[in-house]
**Student:** 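Structure incoming, see below.
First the proteins, then the strands, lettered A, B, ... as listed; each starts at 1. Because only heavy atoms are used, hydrogens play no part in the values below, and waters and symmetry mates are left out as well, while side chains stay in.
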Amino acid sequence: MTHHNHPLLSVRGLSVGLSDVDGRSAHVLEDVDLTVAASESVGLVGESGSGKSVLARTVLGLHPRTTHITAQGGISFAGNELLGLTPRAHRQTLGTDVSMIFQDPSSSLNPVVRVGAQILEATHRRQSSAHQRRALLTGLLESVGLTDVERIARAYPSELSGGQRQRVGIAAALAGAPRLLMADEPTTALDVSVQRTILDLLDQLRHERSLAMIHVTHDLALLSGRSDRIIVLYAGRVMEDGPTPQVLTQPAHPYTRALMEMRPRLRRPQPLPLPQIRGDLPRLDQPRTGCPFAPRCALADTRCHSERPPTTPVPESTLGHVAACWRTVEAAALAVPLREPAGRSHP
Amino acid sequence: MSGLVVTDLHVRYRVPGGVLDAVGGVSLAVRPGSAVGLVGESGSGKSSLARAIVGLTPIFSGSILLDGQPVAPRRGPGGVQMVFQDPIGSLNPSRQVIDIVAESLTIDGVRRATRRERAAEMLTEVGLPPNLFATRRPGQLSGGQAQRVAIARALLAEPAVLVADEPVSGVDVSVQAGLVNLLHRTTSKSGAAMLFVSHDLAIVRALCDDIVVLKNGQVREAGRTNAVIDDPQDSYTRELIEAVPEI
């Protein structure tokens, strides 16, 4: 793996509170650190309520107008500070350097506009000649593996399959020649065979164009062999951050471990009941002390409930593998051994 | 044969310019107390088959028998119940949880107080303490809790067959594990036959004794789940298995 010195995106100590028109408020992110280097791929993993989507929207400056947000900390992109800017200035600073791929392309594409026009809209190059625009469009559609590009450019979103629509969504995301792609559950709505081709396509584009990528997902397995680093969020805090192989084979946080154990394996018999974690997500509208996972953690002691664990290097792991857990050492020693890695299913 | 037996089932839809055989001659059997996983991708016909079994979609030809008798009209004890993918959408938003669950017993002519008592017991069984959940309405439930209510409603009718259509898709992994365990525990206990429709092969492996792989309305492969997944004989089954990412 290349060593990444200069972060393209740097999120430092970011805390975000959201409140709605009725004045209800919630602490959705607390003291989150995240860096993404140029051409690095980071998997951002979390369940509902982890804050992963709010983090993506805060970086992009895309909060709905009806929510009032208070944010502390810092977000810089390519050296430019973004936090504190008006939403308009925020998006102008990012320009087309950051673009987004959505979970459901049928809801992010306009159903009554032909897809070719929608992709070109994202280029901000309306001044160029019709010939140049057509060449650009053909190039984009071909680069996402679509054939029969003339027909697809003239089609409406509903005339395409789910996989084709996601390819169109990716073409639109590439249109502005971004440096960072933010992909929010890009394959969740797709069949498993299509999912693999889309993930392969994203990997290929990322390498060809030296793109950085943040892949937001609830599925750790998707990131195996694909992302450089994994960041695990729970209740708005970073639980663990490290190189993908280390996080997947020596998870240091009990929550990361639970995420892996709860999900049944395909390639070996799975006895029932499946391992479970007790309890529910903590409420985000109430003040919290200690580790947010403590009420559900089998290893939690008194300190876990009362004092917030700092983010510290994971003992006996590689540089850059950190976790926020008082019991990391005990977790490693006490934990049931993880099942052996099954290896990638395809070369 | 006891249990659910589907023989040469065809479900046909009219589409612009002709007809579509969504289910084109499928046969399968689910024994009491066992679970069969019905897997396939979008358009495989798995949901059409599931809906035909509970009588929500008319069949074109073939038969669906429960203990040797036609299945569709039987909704009471010993009949067929269904759990859907979108639990909140399948629950009446204006009713309280306790009444939603108790409605399964309405056709029996059981007294209201008795119905509620049995619904409360079933809520406890599915992990929703009645003192916390009985008076809530569907809008006040998480996706996982709503699915537990839907499962409680289905099980209270004491069905011989439970058809579950993608019941754990779209929920978090921690919620998913709990629902899989719940379905396993309750159907094993009641002896219901379960047809579990899913695109998720790993969950089918954990939960189902047998598996049926569908593509374009046809059975591509069927057998014991462990044997089919460890040693698939059909090229499409193999493709599906190979596409699943694993750590």
**Student:** What do you reckon, is CZ of R278(A) surrounded by more than 12 foreign heavy atoms closer than 6.0 Å?
**Tutor:**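 Yes, enclosed.
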**Student:** Do other residues, nucleotides or ligands put more than 12 heavy atoms under 6.0 Å from R283(A) CZ?
**Tutor:**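 At most 12 heavy atoms, drawn from other residues, nucleotides or ligands, come within 6.0 Å of this atom.
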**Student:** Are R263(A) and Q176(B) side-chain neighbours, meaning at least one heavy-atom pair lies under 4.5 Å?
**Tutor:**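 Heavy-atom side-chain distance check passes, below 4.5 Å.
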**Student:** Could you measure the distance from the OG atom of S48(A) to the CG atom of D172(B)? Nearest 0.5 Å is fine.
**Tutor:**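 Rounded to the nearest 0.5 Å, the OG-CG separation comes out at 3.0 Å.
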**Student:** So which heavy atom on P264(A) is nearest to which on A206(B), and how close?
**Tutor:**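 Looking at all heavy atoms of both residues, the shortest contact is CB-CB, 4.1 Å.
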**Student:** May I ask you to test the R226(A)-P245(B) pair for a side-chain heavy-atom distance under 4.5 Å?
**Tutor:**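 Not in contact.
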**Student:** In plain terms, say whether R267(A) and E246(B) are close enough for a salt bridge, that is, a side-chain N and a carboxylate O under 4.0 Å apart.
**Tutor:**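 Here R267(A) pairs with E246(B) in a salt bridge, since their nearest N and O are under 4.0 Å apart.
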**Student:** Just by distance, do the side chain of D191(A) and the backbone of E41(B) share a donor-acceptor pair under 3.5 Å?
**Tutor:**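 Not at all, since once roles are kept as given, no pair shorter than 3.5 Å links the two residues.
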**Student:** Is any side-chain heavy atom of H199(B) less than 4.5 Å from a side-chain heavy atom of V192(A)?
**Tutor:**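 Counting from C-beta outward, H199(B) and V192(A) never come under 4.5 Å.
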**Student:** Show the nearest heavy-atom pair for residues P273(A) and N181(B), with the distance to one decimal.
**Tutor:**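 Closest heavy-atom pair between P273(A) and N181(B): CA-OD1, 3.2 Å.
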**Student:** With V173(B) as reference, evaluate I277(A), D219(A), L274(A), L259(A) under the side chain to side chain contact (heavy atoms under 4.5 Å, CB included) test and give the passing residue.
**Tutor:**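 Of I277(A), D219(A), L274(A), L259(A), side chain to side chain contact (heavy atoms under 4.5 Å, CB included) with V173(B) is met by L259(A) alone.
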**Student:** When rounded to the nearest 0.5 angstrom, what is the spacing between CD in Q276(A) and CG in L182(B)?
**Tutor:**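 If we round to the nearest 0.5 Å, Q276(A):CD and L182(B):CG are 9.0 Å apart.
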**Student:** Identify the two heavy atoms, one from I247(B) and one from R265(A), that lie closest to each other, and give their separation to 0.1 Å.
**Tutor:**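 Of all heavy-atom pairs spanning I247(B) and R265(A), the closest is O-NH1, 3.6 Å.
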**Student:** Rounded to the nearest 0.5 Å, how far does CD1 of I229(B) lie from CZ of R268(A)?
**Tutor:**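 Interatomic distance, R268(A) CZ to I229(B) CD1, rounded to 0.5 Å: 13.5 Å.
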**Student:** About how many Å separate CG of L266(A) and CD1 of I241(B), when rounded to the nearest 0.5 Å?
**Tutor:**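 It comes to 6.0 Å.
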**Student:** What part of I203(B) gets closer than 4.5 Å to chain A, counting heavy atoms only: side chain, backbone, both or neither?
**Tutor:**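 Interface part for I203(B): both.
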**Student:** What do you reckon, is CZ of R31(B) surrounded by more than 12 foreign heavy atoms closer than 6.0 Å?
**Tutor:**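 No, not enclosed.
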**Student:** Mind checking the CG-OG spacing from D280(A) to S142(B)? Nearest 0.5 Å is all I need.
**Tutor:**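 One gets 7.0 Å once the value is rounded to the nearest 0.5 Å.
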**Student:** Quick one: does any side-chain atom of R196(A) pair with a main-chain N or O of E242(B) as donor and acceptor, under 3.5 Å?
**Tutor:**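 A pair under 3.5 Å: yes.
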**Student:** Provide the closest heavy-atom pair for M262(A) versus S174(B) in the form atom of the first, atom of the second, distance.
**Tutor:**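 So the minimum-distance heavy-atom pair works out to SD-CA, 3.5 Å.
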